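Atoms within each ligand, like the ligands themselves, are counted from 1 in listed order. The structure presented is a predicted model; accordingly, all values stated were derived computationally and were not measured.
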Amino acid sequence: MRSHTVAHLFASLLCNGTGALVTGNQLETDKIRFDFSLEQFNPEILEKYVAKTNELLKKDTPVKSFELPKEEALKIPGVVKMAEAFPPDIPRLRIVELVDLDKQADGGTHVKNLKEVGQIKLLKTENKGKNNRRIYFTLTP
Ligand SMILES: [Zn+2]
C-alpha cells in the first residue's frame, strides 16, 4: 500500500514536470521500479523528483478514492498516466486522489495519508535505449 501510494505521487511529479508517460512499473513491498518515456536522460533530474517526492511525503495529504462514470473521469487532466491502451471497457472508473496533488484512475489499495508512506531513496537509474528510462527506488523505514 505504501509503495502503491508513493508510485502515484512520483508518477504525478515526473509526468507533470517532464511530460513523460509511464510505460511500466513493478511494485514490490519496499522496492519500486518505474519505466517511462523521456527524451532527455539525466539522472540528476530524477534525483530532483525523488527529493520533491520526499518533501511532499512529509505533508499532511489525505488519499481518497471514489468512482466516476468513465466519460467524466477521463476529463480529469492527467488521470491516465500509462502509455498503454487504457482505459478498460467498463462504465465506471475508480479514481485515486492525492488531495490537491493528483488524480489517477486506479484499482489498487493505498494508505490513507501521504504521511504514512515515510520517505523514499533512489537506488539506481538506467538508460534502456531510445526514450526508455528506468528508475528504482525503495521505501526507507
Ligand atoms: Zn494505486
Side-chain angles (χ1 to χ4, degrees), residues 1-129 131-141:
M1 289 187 341
R2 289 164 69 215
S3 56
H4 220 288
T5 308
V6 75
H8 285 244
L9 179 59
F10 184 79
S12 163
L13 292 171
L14 184 74
C15 294
N16 293 337
T18 65
L21 275 176
V22 178
T23 50
N25 73 355
Q26 194 179 6
L27 305 176
E28 288 164 35
T29 319
D30 55 359
K31 200 171 136 197
I32 296 134
R33 193 198 85 202
F34 253 104
D35 294 328
F36 51 95
S37 59
L38 191 63
E39 223 171 282
Q40 296 288 328
F41 182 65
N42 182 347
E44 278 168 35
I45 289 181
L46 296 174
E47 292 271 16
K48 199 182 85 182
Y49 284 105
V50 168
K52 233 177 176 179
T53 300
N54 279 332
E55 232 171 82
L56 288 167
L57 288 174
K58 290 178 191 158
K59 297 190 179 159
D60 190 339
T61 300
V63 179
K64 295 181 186 168
S65 65
F66 51 90
E67 277 191 8
L68 282 179
K70 185 162 81 174
E71 243 177 62
E72 218 174 294
L74 291 180
K75 289 179 189 157
I76 301 170
V79 75
V80 175
K81 291 181 177 64
M82 294 291 288
E84 288 151 36
F86 193 89
D89 194 15
I90 49 172
R92 292 173 74 81
L93 290 182
R94 182 166 173 268
I95 307 296
V96 174
E97 177 178 17
L98 314 178
V99 172
D100 294 335
L101 290 176
D102 183 60
K103 291 193 186 93
Q104 225 173 115
D106 186 87
T109 52
H110 307 82
V111 296
K112 298 253 182 303
N113 193 297
L114 283 189
K115 279 195 302 190
E116 294 172 42
V117 173
Q119 295 279 285
I120 60 168
K121 200 178 124 203
L122 182 66
L123 293 176
K124 70 174 172 175
T125 60
E126 280 174 1
N127 193 357
K128 305 291 283 180
N131 288 351
N132 237 337
R133 319 298 171 208
R134 177 171 283 182
I135 182 172
Y136 293 90
F137 54 88
T138 185
L139 290 164
T140 61

### Query
Would you say the side-chain atoms of S3 pair up with the backbone N or O of E28, donor to acceptor, closer than 3.5 Å?
yes
### Message
Show the nearest heavy-atom pair for residues V79 and A73, with the distance to one decimal.
### Response
CG1-O, 3.5 Å
### Query
If the Zn ion (ligand 1) is the vertex, what is the angle to NE2 of H110 and ND1 of H4, rounded to 10 degrees?
100°
### Message
Quick one: does any side-chain atom of R133 pair with a main-chain N or O of N127 as donor and acceptor, under 3.5 Å?
### Response
no
### Atom name of the N, O or S atom in D106 that lies nearest to the Zn ion (ligand 1)
OD2
### Approximate separation, where rounding is to 0.5 Å, of Q26 CD and Y136 OH
7.5 Å
#### Entry: For the Zn ion (ligand 1): the N/O/S atom of H8 at shortest distance
NE2
